[in-house]
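Residue numbers begin at 1 in each chain, while the letters A, B, ... track the order of the sequences. Everything numeric in this text was worked out from a predicted model, so none of it was measured. When reading the values below, keep in mind they use all heavy atoms of this one structure, side chains included, and skip hydrogens, waters and symmetry mates.
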Amino acid sequence: MRIATWNINSIRARADRALAFLEREDVDVLALQETKCKDAQFPREAFEAAGYEIATFGFSQWNGVAILSRVGLDDVTPGFDGQPEFGETPAVEARALGATCGGVRVWSLYVPHGRALDNPHYAYKLAWLGRLREHAVAWADAGDKVALVGDWNVVPLDTDVWDVAAFEGQTHVSEPEREAFRAFAEAGYTEVSRQFLPDEHRYTYWDYQQLRFPRNEGMRIDFAYTSPALTPLVTDVRIDRDERRGKGASDHVPVIVDVDTSAL
DNA sequence: ATGGCGAGCGGAGCTCGA
């Protein structure tokens, strides 16, 4: 089974690219982030015609997550219990969606950005990751095969960005964020993109501005954490860097995880 | 060259992103 995760930066602007990607890479399950639409606005028809079931979770033009699957889509869960809220009128944002696909519990995650170290969004980000980790521990203890995939908005290592000094004092590289990210590994999860692609300066995101992609000045912020029961079944991970090329690309590229489900 | 912000909303210029 092939699972992919992709911050697509608007599904309506890039439905064609998503369809081409699914076909090109023969993807079974696609976790999307930043769909940027309400559930009713999601362009379902083209994906259904291609053989996918669709679960969406979106309230507005902000955030939004979805899961497409052609290997089953069960127990769909918008958000996780106790998910921290944000906003003037605090509310759960559309940043997490769980579904069971072909024996694997997949969570499409769009971790809050943080905005700045002194911004309330930063505390929100840390609380959000902390609460998710509590669930992750319980799922691992239960022996579940869990894939926590998405845009984590954390740069775990200095070598996951072209010039870490340029990010001094900013979000994504701060120690509390890195600690919150590592906490999943300490809970027994394995970030399998690192396992299969350990080389430095291998990015999943390049800003639209300042020729970041042509200069290969990017960041590695999209990851796939697998639970102890799932990790041994992962046979390969790839980053589809070519998806960043050309007109109309998202600023993120897909991360592709292959799972041996022959025993499931 | 793989390219110089992009998307949504709304109908200009703002918010958000990382």
State which residues pass ring-ring contact (aromatic ring centres under 6.0 Å, His included) with Phe196(A); sequence neighbours excluded, sorted by chain then number. none

Are there any protein N/O atoms within less than 3.5 Å of an N/O atom in nucleotides 12-15 of chain B, and if so, which ones and at what distance?
none

Looking for any heavy atom pair under 4.0 Å, which part of the strands does Asn7(A) touch: base, sugar-phosphate only, or nothing? sugar-phosphate

Quick one, Trp62(A) with Phe86(A), criterion ring-ring contact (aromatic ring centres under 6.0 Å, His included). Give me CA distance, side-chain angles, the key distance, then yes/no. CA-CA 13 Å; Trp62(A) 309 121; Phe86(A) 192 77; over 10 Å; no

Under the side chain to side chain contact (heavy atoms under 4.5 Å, CB included) test, residues paired with Ala224(A) that sit two or more places apart: Val149(A), Glu191(A), Val192(A), Val257(A)

Determine the interatomic distance between C1' on dG4(B) and the same-named atom on dG8(B); round to the nearest Å. 22 Å

Using nucleotides 1-6 of chain B, report all nitrogen or oxygen pairs with the protein that are shorter than 3.5 Å.
unit_1, atom_1, unit_2, atom_2, d
dT2(B), O4', Arg245(A), NH1, 3.2
dG3(B), OP1, Gly246(A), N, 3.0
dG3(B), OP1, Gly246(A), O, 3.1
dC5(B), OP2, Gln210(A), N, 3.3
dC5(B), N3, Gln209(A), NE2, 3.4

For Gln210(A), all residues meeting side chain to side chain contact (heavy atoms under 4.5 Å, CB included), sequence neighbours excluded: Arg212(A)

Show me the pairs that pass salt bridge (charged side-chain N to carboxylate O under 4.0 Å, His left out) and involve residues 54-64 of chain A, at least two apart or across chains. none

Set of residues satisfying side chain to side chain donor-acceptor pair (under 3.5 Å) with respect to Ser174(A), sequence neighbours excluded: Tyr122(A), Glu177(A)

Running the 4.5 Å side-chain criterion over Ile, Leu, Val, Met, Phe, Trp and Tyr, what cluster does Trp6(A) land in, apart from itself? Ile8(A), Ile11(A), Leu19(A), Phe21(A), Leu22(A), Val27(A), Leu30(A), Leu32(A), Phe42(A), Phe47(A), Tyr52(A), Ile54(A), Leu68(A), Ile256(A)

Please list, by residue number, the residues of residues 150-166 of chain A whose heavy atoms come closer than 4.0 Å to an atom of DNA chain B; answer none if no residue qualifies. Asp151(A), Asn153(A)

Residues pairing under ring pair (Phe, Tyr, Trp, His ring centres under 6.0 Å) where one sits in residues 225-264 of chain A, two or more places apart or in two chains, turn out to be Trp152(A)-Tyr225(A), Phe181(A)-Tyr225(A), Phe184(A)-Tyr225(A), Tyr205(A)-His252(A)

Enumerate the residue pairs fulfilling salt bridge (charged side-chain N to carboxylate O under 4.0 Å, His left out) with a member in residues 248-264 of chain A, sequence neighbours excluded, ordered by first and then second residue. Arg2(A)-Asp258(A)

Quiz: residues 133-145 of chain A side-chain donor-acceptor pairs under 3.5 angstrom, not counting sequence neighbours:
unit_1, atom_1, unit_2, atom_2, d
Arg133(A), NE, Ala183(A), O, 3.2
Glu134(A), OE1, Arg131(A), NH1, 2.5
His135(A), NE2, Asp81(A), O, 2.7

